[in-house]
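Sharing a structure here in structure tokens format.
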Amino acid sequence: MEMQLPPHEGAELSVVDMHTGGEPLRVILSGYPEVKGDSVLSKRRYVREHLDHLRRVLMFEPRGHYDMYGALIVDSELPKADLGVLFMHNEGYSTMCGHAVIALGRFAVDYKLVKEPQSPETQVNIHCPCGLVKAFVEYCDGKTGGVRFLSVPAFAFATDVTVTVEGFGDVVVDISYGGAFYAFVNAQRFGLDVTKSRTRDLVDAATAVTNAVKSQVKLHHPTSDDLAFLYGTILTDGKDNYSSDATANVCVFAEAQVDRSPTGSGVTARVALQYHKGLIQLNQTRMFQSGATGSQFTGKAVEETKCGDFKAVVVEVAGRAFYTGVSRFVQEPEDELTHGFLLK
């Protein structure tokens, strides 16, 4: 029996659901009106100012949940780009998302957003708000597999910064950029273990750090003021020296949202930080593990570059994404909760 939508009024929203390392990605296929703007960054501003109600519909309950993540495909102004993308979550719109890039690389090949897939890898150029990201999708006998991507220039913004954190006193953090800015701190500073402690305790500590850095440290990015904000805090196991063993972390971003994956842009920023400190060398591959699910990405610095006055690196991150289903959502006008809600 073919499933049919119930009688409804208004627009239908169609999505493909995926996950990368346990972190969800809801790829929006249809139902959005035209997203205006002459650049991906201006489109990001437009959806924030004019279409934010649709983010709430798709990310919030009852169709989503507190930790849902989404991607809206848009046109790019860059001739080299195969697609542009806007990232969304419980608070708003990110500038970069590595787990989403891994999923979108596979999605773009499977849904024929690139012209001719190539074996053993198909390149997909994805224009994120932070810049052009090149993804490489394993492709063999018509099937897609793992994905690796090359980041925008990533750099350590500041190291050994002391901030006063409510409930914890003075805490020393590092701040690094991997398409988005993150604060990094060893979870042991709070008496926590990223793989064993309660998620709520990790969230509380990371959120307190994020609030402190936002209020006490002024960020800037060499190319755009739209990129100069702290996305979240990543608590680590402190194992930053190069090793063949995996190093674990938990990323808490946006409005206390917990990443189930090792965090692609977070791995990018963490590799840049480790390289800056001389703890890893070019092309030394490290394994990064999610403290939440145990899923893993690999990351390595592959090239030195510059971002304004910052010494930067291009980072390669690799992982796998999987499909979980497709959905067609409707809104009934009598439904008082149709616009979405969150339980905090």
Side-chain angles (χ1 to χ4, degrees), residues 21-23 67 98-99 154 156-178 180-217 219 230-280 284-301 315 317:
E23 178 70 358
D67 295 288
H99 94 272
F157 178 82
T159 59
D160 299 324
V161 179
T162 300
V163 292
T164 301
V165 180
E166 184 177 357
F168 298 102
D170 288 347
V171 176
V172 178
V173 304
D174 297 321
I175 302 170
S176 190
Y177 177 82
F181 282 100
Y182 295 95
F184 290 85
V185 60
N186 189 334
Q188 292 178 357
R189 168 61 182 80
F190 310 103
L192 300 173
D193 183 312
V194 293
T195 62
K196 298 177 181 178
S197 295
R198 293 193 317 160
T199 300
R200 173 49 53 196
D201 294 335
L202 294 166
V203 168
D204 289 346
T207 301
V209 172
T210 295
N211 292 338
V213 174
K214 283 182 175 180
S215 64
Q216 298 169 44
V217 181
L219 301 179
L230 189 74
Y231 193 27
T233 292
I234 297 178
L235 301 178
T236 78
D237 60 7
K239 298 176 181 178
D240 286 316
N241 287 297
Y242 175 73
S243 170
S244 58
D245 295 332
T247 175
N249 53 237
V250 167
C251 174
V252 181
F253 66 97
E255 185 64 33
Q257 189 162 336
V258 181
D259 198 327
R260 274 68 170 160
S261 80
T263 310
S265 55
V267 166
T268 301
R270 195 172 173 201
V271 168
L273 184 62
Q274 292 173 350
Y275 186 79
H276 173 82
K277 291 186 172 185
L279 303 177
I280 59 171
Q284 284 189 319
T285 300
R286 291 215 66 185
M287 189 74 71
F288 295 86
Q289 178 178 312
S290 164
T293 63
S295 60
Q296 295 182 335
F297 292 166
T298 59
K300 62 181 178 180
V315 178
V317 177

Keeping to residues at least two apart or across chains, list the salt bridge (Lys or Arg N to Asp or Glu O under 4.0 Å) pairs with something in residues 257-269.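 For residues 257-269: D67-R260.
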
Under the side-chain contact (heavy atoms from CB on, under 4.5 Å) criterion, do Q296 and Q289 qualify, and how do the steps go? CA-CA 4 Å; Q296 295 182 335; Q289 178 178 312; 3.4 Å; yes

Which residue, I175, V173, L230, forms the side-chain contact (heavy atoms from CB on, under 4.5 Å) with V217? I175

Over all heavy atoms of both residues, which pair between T268 and A154 is shortest? Give the atoms and the distance, please.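 Reported closest heavy-atom pair: CG2-CB, 3.7 Å.
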
Quick one: ring pair (Phe, Tyr, Trp, His ring centres under 6.0 Å) partners of Y231, sequence neighbours excluded? H89, Y182, F253

Where is the tightest heavy-atom contact between T210 and G232, given as atom of each residue plus distance?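 Taking T210 first and G232 second, the nearest heavy atoms are OG1-C, 3.6 Å.
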
Going by the rule side chain to side chain contact (heavy atoms under 4.5 Å, CB included), which residues pair with D193 if we only count those two or more places apart in sequence or in a different chain? T195, K196, S197

Under the salt bridge (charged side-chain N to carboxylate O under 4.0 Å, His left out) rule, collect the residues that match up with D201, sequence neighbours excluded. R198

Only counting residues at least two apart or in another chain, list the ones meeting side chain to side chain contact (heavy atoms under 4.5 Å, CB included) with D240. R270, Q274, L279

Value rounded to 0.5 Å, distance of OH in Y242 from OG1 in T285: 7.0 Å

Show the nearest heavy-atom pair for residues G264 and V317, with the distance to one decimal. O-CG2, 4.0 Å

All ring pair (Phe, Tyr, Trp, His ring centres under 6.0 Å) counterparts of F157, not counting sequence neighbours: F181, H220, F310

Rounded to the nearest 0.5 Å, the CG atom of L192 sits from the CG atom of N186 at a distance of 10.0 Å

Applying side-chain contact (heavy atoms from CB on, under 4.5 Å) to V171 and R189, what does each step give before you reach the verdict? CA-CA 8 Å; V171 176; R189 168 61 182 80; 3.6 Å; yes

All salt bridge (charged side-chain N to carboxylate O under 4.0 Å, His left out) counterparts of K214, not counting sequence neighbours: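 For K214 there are no salt bridge (charged side-chain N to carboxylate O under 4.0 Å, His left out) partners, ignoring immediate neighbours.
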
Look up atom CZ in R286 and atom OG in S244, then write down how far apart they are to the nearest 0.5 Å. 9.0 Å

If every non-hydrogen atom of G178 is compared with every non-hydrogen atom of A269, which pair is closest and at what distance? N-CB, 3.6 Å

Taken to the nearest 0.5 Å, the spacing of D204 CG from T199 OG1 works out to 10.5 Å

Does the pair F288 and T263 meet the rule for a side-chain contact (heavy atoms from CB on, under 4.5 Å), with working shown? CA-CA 9 Å; F288 295 86; T263 310; over 6 Å; no

Residues that V172 engages under side chain to side chain contact (heavy atoms under 4.5 Å, CB included), provided they are two or more places apart: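 Side chain to side chain contact (heavy atoms under 4.5 Å, CB included) list for V172, sorted by chain: D160, T162.
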
Which residues satisfy the side-chain hydrogen bond (donor to acceptor under 3.5 Å, both in side chains) test with K277, sequence neighbours excluded?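 For K277, the residues satisfying side-chain hydrogen bond (donor to acceptor under 3.5 Å, both in side chains) (neighbours in sequence not counted) are D174.
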
Mind listing the closest non-hydrogen atom pair of V267 and P262 along with its distance? CG2-O, 3.7 Å

Exercise: identify the closest heavy-atom pair between G291 and V250: CA-CG2, 3.7 Å

How many angstroms lie between NE2 in H99 and OG in S290, if you round to the nearest 0.5 Å?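 H99 NE2 to S290 OG: 11.5 Å, rounded to 0.5 Å.
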
Got T236 and V194 here, is their nearest side-chain heavy-atom distance under 4.5 Å?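 No - every pair of side-chain heavy atoms lies 4.5 Å or more apart.
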
Determine yes or no for a side-chain-to-main-chain donor-acceptor pair under 3.5 angstrom, with T247 supplying the side chain and K239 the backbone. yes

Selection residues 183-209 - residue pairs positive for ring-ring contact (aromatic ring centres under 6.0 Å, His included), sequence neighbours left out: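 Every pair satisfying ring-ring contact (aromatic ring centres under 6.0 Å, His included) with a residue in residues 183-209: F168-F190.
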
CD of Q216: more than 12 outside heavy atoms within 6.0 angstrom? yes

Using the test side chain to side chain contact (heavy atoms under 4.5 Å, CB included), find all partners of A206 that sit at least two apart in sequence or belong to another chain. T233, L235, V252

Taking G21's backbone N and O only, do any of them form a donor-acceptor pair with S295's side chain (distance below 3.5 Å, no angle check)?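 Side chain of S295 to backbone of G21, a donor-acceptor pair under 3.5 Å: yes, one is there.
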
May I ask you to test the H276-T159 pair for a side-chain heavy-atom distance under 4.5 Å?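 The answer is yes; the side chains approach within 4.5 Å.
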
Residues forming a side-chain hydrogen bond (donor to acceptor under 3.5 Å, both in side chains) with T164, sequence neighbours excluded: D170

